[in-house]
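Here's the structure, in structure tokens; my notes come after.
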Amino acid sequence: MYQTTGTIALPVALPLEEGGLLGRAQLAWHAYGERSDDNVAVLLHDLTHSHQALGPAEEAAFQPSGWGTELIGEGRPLDTSTLHVVVPNLLGSPFGSTSPVTVDERAGLPYGAALPTVTVTDMARAVAAMLRGMKVERVRALVGVGLGGMVALRLAALFPELVTAVVVLGAARALPEPLRERLGLTRHVLRLDPDFRDGQYERGHGPKRTLRKQYLEYLRLVHGTAAEQALEAEADAFAESFDANTWALLCTAYAGGDVTDGLSQIRAPVLLVAASEDSLAPPSRVRDTYHLISAAGVRAHYHELPTPSNHASLLTQARRLHGPMRDFLRRRG
């Protein structure tokens with residue numbers, strides 16, 4: 001499969017939703033399949049994933065790459081024999097895009113806790129700016145998973161002329177309120193750990209015990225508790241490799257994301273996919289989002305993975321989505 005990768009520096013400072021400008025911002029990306037005039041699809045990753053959707057796989061238990069193997073490739077919903085699939089690393093994510101681990105050229109040190117708050121809207125605007133830099137005028141398919149699904153909905157609302165079809169896996173207009181409150185406290189709880197040092201810890205250090213505990217709680221939401229030993233091993237590896245400031249920034253964006261006000265601005269058809277036991281995007285909340293989009297006059301479709309299925313199943317069991325996704329995208333393109 002033909003693959004390309006790179007980093008795009010945004011040509012102008014990015015206006016941030018909560019005020020101020022983010023200068024010198026950049027997004028890393030990886031693309032699969034050859035590009036032609038109008039065959040670009042965009043796939044947006046979940047909270048702790050990277051833009052390396054097809055790997056390579058890491059040796060550690062924490063695997064941020066290789067999550068898209070059932071979505072991308074010949075015969076998959078995002079068929080690389082006809083599509084050029086671009087996977088950006090979302091703004092704030094630490095795998096090559098501007099994030100707390102990025103070195104501030106003026107100070108010669110990582111941004112750390114000094115990086116301004118980034119929101120779902122900021123992530124969407126950054127992806128749109130990246131696509132403009134790639135000379136992409138229209139996207140055949142915009143697909144997002146989890147946090148990336150929320151970003152996809154916001155992107156489709158802000159730039160309706162850019163998007164032909166939207167597929168959202170495991171996301172609704174906002175997280176359930178109890179989870180919004182819990183994730184919204186991520187930075188506060190990290191600050192209570194003396195190893196956090198107001199976010200000014202040395203690289204490779206930081207509040208690893210608290211970070212491990214928080215990520216394990218998140219994993220239980222994603223996978224359930226059936227494979228607790230494997231989840232604990234992943235949490236151990238995550239705490240050793242993932243930056244705490246970055247985790248706090250991403251969780252704050254996820255918790256604060258609410259795209260309800262923009263749903264009526266979407267013009268492209270939308271397919272919403274839920275998993276029957278998804279704690280992050282319960283079917284009732286995804287159906288509520290479907291009804292709001294439909295009420296705005298947008299062609300919306302809803303599909304639910306039957307029990308047993310959770311948030312992780314949307315990727316691990318993505319083969320069960322091949323038919324619904326292929327049919328939806330074929331009708332749109």
Side-chain angles (χ1 to χ4, degrees), residues 17 27 40-47 49 71 77-78 86-88 90-93 118-131 136 138-177 179-180 183 250-275 278 280-304 311 314-315 321 324-325 328-329 332:
E17 185 178 17
L27 291 190
V40 175
V42 174
L43 176 59
L44 304 178
H45 62 77
D46 209 342
L47 184 63
H49 287 157
L71 295 176
L78 297 176
V86 178
V87 188
L90 293 175
L91 183 67
S93 182
V118 169
T119 68
V120 164
T121 296
D122 298 327
M123 293 174 178
R125 287 175 175 158
V127 171
M130 184 201 78
L131 293 172
V136 175
R138 194 159 178 83
V139 172
R140 286 264 296 273
L142 175 62
V143 182
V145 185
L147 171 63
M150 200 177 290
V151 176
L153 287 171
R154 179 59 85 192
L155 179 60
L158 290 172
F159 305 96
E161 73 288 347
L162 181 63
V163 182
T164 301
V166 185
V167 179
V168 177
L169 308 178
R173 57 184 177 81
L175 289 170
E177 291 304 323
L179 291 184
R180 295 188 74 187
L183 283 181
L250 292 172
C251 287
T252 300
Y254 205 2
D258 187 342
V259 301
T260 306
D261 62 345
L263 296 178
S264 63
Q265 299 165 14
I266 297 173
R267 293 293 173 264
V270 179
L271 171 62
L272 295 158
V273 180
D278 190 345
L280 293 164
S284 60
R285 202 162 183 85
V286 179
R287 284 194 297 269
D288 174 57
T289 305
Y290 159 77
H291 290 305
L292 289 171
I293 294 174
S294 297
V298 179
R299 285 178 293 172
H301 305 261
Y302 174 81
H303 181 81
E304 183 175 325
H311 192 76
L314 295 163
L315 293 176
L321 299 177
M325 285 184 65
F328 174 78
L329 294 175
R332 308 293 170 254

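What you see below is based on every heavy atom in this structure, not just the backbone, and it leaves out hydrogens, waters and symmetry mates.
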**Item:** Side-chain (Thr119) to main-chain (Ala253) donor-acceptor, under 3.5 angstrom
**Value:** no
Open item on the list: Does any part of the side chain of Leu153, heavy atoms only, come nearer than 4.5 Å to the side chain of Arg173, both counted from C-beta?
Closed with: no
Exercise. Under the side chain to side chain contact (heavy atoms under 4.5 Å, CB included) rule, what do Asp278 and Arg285 come out as? Steps first, then yes or no, please.
Key: CA-CA 10 Å; Asp278 190 345; Arg285 202 162 183 85; over 6 Å; no
Correct closest heavy-atom pair for Val270 and Ile266 would be CG2-CG2, 4.0 Å
Could you go through the side-chain hydrogen bond (donor to acceptor under 3.5 Å, both in side chains) check for Thr121 and Arg154 one step at a time?
CA-CA 6 Å; Thr121 296; Arg154 179 59 85 192; 3.2 Å; yes
When every non-hydrogen atom of Ala296 is compared with those of Ser264, the smallest separation belongs to CB-CA, 3.6 Å
For Leu43 and Pro88 the tightest heavy-atom approach is O-CD, 3.3 Å
> Got a donor-acceptor contact below 3.5 angstrom from the His45 side chain to the Leu90 backbone?
Replying inline: yes
- Hey, mind stepping through Leu272 and Ile293 against side chain to side chain contact (heavy atoms under 4.5 Å, CB included) and telling me if it holds? CA-CA 10 Å; Leu272 295 158; Ile293 294 174; 4.1 Å; yes
In short, Ala128 meets Phe159 closest at the heavy-atom pair CB-CE1, 3.4 Å
Checklist entry - Can you tell if the side chain of Leu315 reaches within under 4.5 Å of the side chain of Leu71, non-hydrogen atoms only? => result yes
Close side-chain approach of Leu147 and Val120, heavy atoms under 4.5 Å:
yes
Separation between CG (Asp46) and CG (Leu314), nearest 0.5 Å, reads 9.0 Å
By ring pair (Phe, Tyr, Trp, His ring centres under 6.0 Å), His301 pairs with (sequence neighbours left out) Phe328
So CE of Met325 and CG of Leu271: to nearest 0.5 Å the spacing works out to 7.0 Å
Shortest non-hydrogen pair, Pro160 vs Gln265, comes out as CB-O, 3.9 Å
Between Arg138 and Val163 (side chain of the first, backbone of the second, donor and acceptor by atom type, cut-off under 3.5 Å), is there such a pair? yes
pair Leu321-Pro77: side-chain heavy atoms closer than 4.5 Å: no
TODO: Taking the side chain as every heavy atom from C-beta outward, state whether Val145 and His49 have any pair of such atoms under 4.5 Å apart.
DONE: no
To the nearest 0.5 Å, atom OG1 of Thr260 lies from atom CG of Asp288 at 8.0 Å
* Between the main-chain N or O of Val40 and the side-chain N or O of Arg140, is there a donor-acceptor pair closer than 3.5 Å? -> no
Salt bridge check: are Arg125 and Glu17 linked by an N-O gap of less than 4.0 Å?
-> no
Notebook entry, point to check: Under a 4.5 Å cut-off applied to non-hydrogen side-chain atoms, are Val136 and Val86 in contact?
Noted result: no
For Ala126 and Leu27 the tightest heavy-atom approach is O-CD1, 3.5 Å
Are Met123 and Met150 packed together at the side-chain level, in the sense that at least one heavy-atom pair is separated by less than 4.5 angstrom? no
